[in-house]
Amino acid sequence: MAPVPSSPIKVGHIDDVQELRKAKPKTIPERFVRDMNEGPTLAIALPSLSDIPIINFSRLVNGSKDDYQTESLQLARACKEWGFFQVINHGINLSLIESIEEVAKNFFMLPLEEKQKYPMAPGTVQGYGQAFVFSEDQNLDWCNMFALGIEPPYIRNPKLWPIKPTKFGETVDVYSREVRKLCQNLLKYIAMTLGLKADIFEEMFGVAVQAIRMNYCPPCSRHDLVLGLSPHSDGSALTVLQQGNGSSVGLQILKDNKWAPVQPISNALVINIGDTLEVLTNGKYKSVEHRAVTHKEKDRLSIVTFYAPSYEIELGPMPELVDENNPCNYRRHTHREYNKHCN
Ligand code: OGA
Ligand code: NI
């Protein structure tokens, strides 16, 4: 997570969207209204489930040689052509998937005063509020967010860990440990699809940085005018997204210059390649732009984990992936520099 900037940032008034929803204003405040004609349009034919690759993780870990090879090819294709895939049989207990969702939802349902005990200071990314607001005239997302730094321990801010719901902290810790293992394992299989040794990322990353962000988008009567999350790519190496069971379909990814909706699969996790992995692989694997839309009547919860190298590590395309036919496409930088640049 980015360090706190030294100069104070003016972000203007930020409405809490859950409170706005309750107040039922006749018009949507201007800062939330987007120009939907700008940029790519929605894909007309919805991609079918089989389009966004599905990776059966247990076949990578425990499958026969053939299973492994088929799944590994599918993983390579997903990283190269989509930058996104859904992982099934990921090994994380269903009860844990349900528990994190429950504590997240219960947190967002608390009264505003309770949530505001953990405010996200302007220009920072931990706590309750809207992340990535850096100016007074910037558009706002129709979404409430709550974010915490998890690892290494020095990025934790204990004052921002909610005491309500009672099981919140404990559940976030247990869940984050499981997701960390999944990220480490996925990175091993991803390394192997590139012909690299399995531990290459683990060795390179040092003590990886991990953060969690919960996004809650209430319904919006004018969902045609607002966005749950603005288009962006993730700075991480890998991102793990859990979509709330029964939530509205909201995530869209840029594919062939059209927004393609990601249809939730129950108990699956959505994984995407972040900018860091795109740089390390010299652009072979893609960090794809994505956004979230809202729904007229249904709310949407998502729980997102970002996994990235230590801030101190200098990153650039891996020498193994640079040659005469694949010249170096990115300059070297540290993860900290990159974060400063982005935030
Ligand atoms: C994010 C993100 C998508 C979602 O938090 O970076 O892209 O569906 N979230 O919440
Ligand atoms: Ni994202």
Side-chain angles (χ1 to χ4, degrees), residues 1-2 17-18 34 39-40 42 52 79 82-87 97 100-101 104-105 107-108 120 124-133 139-150 172 175-176 179 183 209-220 223 226-255 259-278 285-295 298-308 338-339 342-343:
M1 298 223 136
V17 288
Q18 285 173 264
R34 322 299 279 252
L42 191 65
I52 290 173
C79 296
W82 289 85
F84 268 83
F85 55 90
Q86 306 217 43
V87 52
I97 298 274
I100 192 79
E101 200 174 307
K105 186 100 185 206
F107 175 78
F108 284 110
M120 186 184 289
T124 70
V125 286
Q126 294 197 46
Y128 178 73
Q130 280 227 8
F132 312 113
V133 185
N139 274 131
L140 297 174
D141 292 338
W142 191 266
C143 190
N144 284 335
M145 296 175 181
F146 182 71
L148 290 173
I150 305 286
V172 165
Y175 177 80
S176 296
V179 174
C183 289
V209 175
Q210 184 177 351
I212 192 165
R213 184 158 75 222
M214 298 163 176
N215 301 317
Y216 179 76
C217 305
C220 183
H223 63 114
V226 305
L227 279 177
L229 283 176
S230 304
H232 66 279
S233 65
D234 298 341
S236 55
L238 277 188
T239 302
V240 178
L241 171 94
Q242 181 179 330
Q243 311 200 65
N245 202 4
S247 283
S248 64
V249 181
L251 178 63
Q252 299 181 343
I253 70 176
L254 202 57
K255 177 75 178 148
W259 291 115
V262 176
Q263 300 293 336
I265 301 176
S266 62
N267 308 324
L269 296 167
V270 178
I271 313 288
N272 67 286
I273 304 287
D275 300 347
T276 300
L277 215 52
E278 175 171 324
Y285 287 173
K286 299 285 184 304
S287 173
V288 165
E289 215 176 302
H290 50 284
R291 68 176 191 177
V293 296
T294 60
H295 190 273
K298 278 178 96 172
D299 57 359
R300 177 165 191 272
L301 174 72
S302 56
I303 296 152
V304 189
T305 298
F306 302 101
Y307 186 84
Y338 176 81
N339 242 283
C342 287
N343 294 343

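Fair warning: this is a prediction, and the values are worked out from it, not measured in the lab. Order of appearance sets the numbers: ligands from 1, and atoms from 1 within every ligand.
Within the model, atoms NE2 of H223 and OG1 of T294 stand 7.0 Å from one another, a figure rounded to the nearest 0.5 Å. Rounding to the nearest 0.5 Å places CG of N144 at 10.5 Å from CG of D141.
Rounded to the nearest 10 degrees, the angle NE2 (H290) to the Ni ion (ligand 2) to NE2 (H232) equals 90°.
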Next item on the list: Show the numbers, then the answer: is there a side chain to side chain contact (heavy atoms under 4.5 Å, CB included) between I271 and L238?
Entry: CA-CA 7 Å; I271 313 288; L238 277 188; 4.0 Å; yes
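Using a 4.0 Å cut-off between heavy atoms, T239 makes no contact with ligand 1 at all. Contacts between Q243 and ligand 1 below 4.0 angstrom, taking non-hydrogen atoms only, are absent altogether.
Relative ring orientation between F84 and H290 is described as perpendicular, the plane-to-plane angle rising above 60° on a 0-90° scale split at 30° and 60°. A tilted orientation is assigned to the rings of F107 and F146, their planes being inclined by 30° to 60°.
Close contacts between ligand 1 and N215 involve ligand atoms 5 (O), 9 (N), 10 (O) [criterion: under 4.0 Å to a heavy atom]. Residue R213 approaches ligand 1 through these ligand atoms, each under 4.0 Å from one of its heavy atoms: 1 (C), 5 (O), 6 (O).
Contact annotation: R291 has no heavy atom less than 4.0 Å from any atom of ligand 1.
Considering just the N/O/S atoms of D234, the one nearest the Ni ion (ligand 2) carries the name OD1.
In terms of protein heavy atoms, atom 9 (N) of ligand 1 is closest to L229 CD1, 3.2 Å. Protein heavy atom at the shortest distance from atom 10 (O) of ligand 1 is S302 OG, 2.5 Å. Taking atom 6 (O) of ligand 1 as the reference point, the nearest protein heavy-atom neighbour is H232 NE2, 3.0 Å.
The only option from C143, P264, P219, S248 that meets the side chain to side chain contact (heavy atoms under 4.5 Å, CB included) definition with R300 turns out to be S248.
With 3.5 Å as the limit, one finds a donor-acceptor pair spanning the side chains of R34 and S230.
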